[in-house]
Amino acid sequence: MSSDAVSEIRSFNRFYTRQIGVLNEHVSRSRFSLQEARLLYEIAQRGHTTGAELSRVLGVDAAYVSRLLQRLLGEELVILSPSVGDRRSNQIALSRDGDSAFAALEEASQAAVTELIRPLQPSQRAALVAAMRTIRAILGDAMESSPLVLRPHRIGELGWLVHRQAIAYSEQYGWNSEFEGLIARLYGDFESAPDSPPKALWIAERQGVAVGSVFVTPSAGNEGSAQLRMLYVEAEARGLGIGRLLVDQVVHFARQNKYRTLRLWTQSILVPARKIYAAAGFKLIQSAAHHSFGHDLVGETWELEL
């Protein structure tokens with residue numbers, strides 16, 4: 001591993017620790033310690049919980065959680081009740097006073113974060129949030145359950161798609177800048193094409209972050225046929241059915257707009273994508289060896305009768 005990468009991560013950690021210190025100043029001005037505030041937060045989020053679960057979530061031993069709870073019990077901020085499933089353990093919940101105390105802490109936290117990001121432009125705030133979600137996903141913090149949104153692209157996202165896909169295919173398959181040039185032209189052609197015959201591009205968004213995309217255009221010189229292009233899903237979002245959803249959206253759009261056939265061009269080594277196409281009803285109609293993107297490949301044409 002590059003020593004530069006290690007140094008950069010350590011530097012970021014020091015910087016972020018300072019920022020967290022700023023955000024936690026509101027806790028030091030309250031009557032709660034940072035761990036007590038975290039305990040209140042975790043209980044509030046769960047409604048009812050147990051000491052064992054709090055110990056696991058907070059990453060501290062059960063005895064320490066017990067000592068924290070004793071103080072909160074003394075202030076009548078939490079309520080203990082026997083667990084229905086196991087009489088040897090207790091369910092922990094916030095009391096009415098505990099709800100009020102948590103609400104005050106939550107309001108102060110919201111104000112602290114708002115003040116931190118107030119000087120930023122909207123685009124900077126969006127980039128900051130996206131980067132934080134990316135760090136969580138890469139380091140193994142599973143995405144919270146949230147709906148997937150398919151939407152049109154926004155200003156700046158065509159360039160982002162070229163950038164992300166060029167890097168992804170270079171890292172996974174070793175493709176060179178010839179591929180980047182090709183997809184830049186494809187996205188440029190899409191944007192400059194007239195609106196009739198119909199075309200469309202969808203961004204798959206989850207928790208405010210773009211995690212995939214695809215677009216469809218009329219096939220050049222083949223009236224009544226549309227072409228599916230540039231199906232892409234970010235690595236951390238694969239296995240969630242996003243690719244299949246994007247392909248289904250293209251098929252629905254093509255049928256709705258009275259296209260007779262839907263075609264696509266892919267490579268034999270792109271096995272996950274090929275499985276999605278086959279599951280959607282596409283048939284392999286032609287394959288040919290070629291040398292592109294710095295490698296010997298087998299290009300494939302697939303077609304779906306609509």
Partners meeting side-chain hydrogen bond (donor to acceptor under 3.5 Å, both in side chains) with Arg229 (sequence neighbours left out): none
Ring pair (Phe, Tyr, Trp, His ring centres under 6.0 Å) involving Phe293 - partner list, sequence neighbours excluded: Trp175, Phe179
Those residues that, when tested against Arg125, pass side chain to side chain contact (heavy atoms under 4.5 Å, CB included) (two or more places apart): Ile117, Leu120
Exercise: do His295 and Glu178 side chains pair donor with acceptor under 3.5 Å: no
Results of side chain to side chain contact (heavy atoms under 4.5 Å, CB included) for Ser268 - residues two or more places apart only: Val298, Glu300
Salt-bridge present (Asp248, Arg244; N to O < 4.0 Å): yes
Heavy atoms from other residues, nucleotides or ligands near CD1 of Ile155 exceed 12 (cutoff 6.0 Å): no
All side-chain hydrogen bond (donor to acceptor under 3.5 Å, both in side chains) counterparts of His48, not counting sequence neighbours: none
Results of ring pair (Phe, Tyr, Trp, His ring centres under 6.0 Å) for Tyr16 - residues two or more places apart only: Phe12
Distance (rounded to the nearest 0.5 Å) between Leu68 CG and Gln35 CD: 6.5 Å
Ionic contact status for Arg263 with Glu303, cut-off 4.0 Å: yes
Qualifying residues under side-chain hydrogen bond (donor to acceptor under 3.5 Å, both in side chains), relative to Glu157, sequence neighbours excluded: Arg151
Partners passing salt bridge (charged side-chain N to carboxylate O under 4.0 Å, His left out) against Arg118 (at least two apart in sequence or in another chain): Glu115
Pairing residues for Gln249 by the side chain to side chain contact (heavy atoms under 4.5 Å, CB included) criterion, not counting sequence neighbours: Leu150, Trp202
Residue list, ring pair (Phe, Tyr, Trp, His ring centres under 6.0 Å) with Phe102, at least two apart or on another chain: none
Pairs satisfying side-chain hydrogen bond (donor to acceptor under 3.5 Å, both in side chains), at least one member in residues 158-167, at least two apart: Arg164-Glu234, Gln165-Tyr187
Residue pairs, two or more places apart or on separate chains, that pass side-chain hydrogen bond (donor to acceptor under 3.5 Å, both in side chains) and touch residues 94-103: none
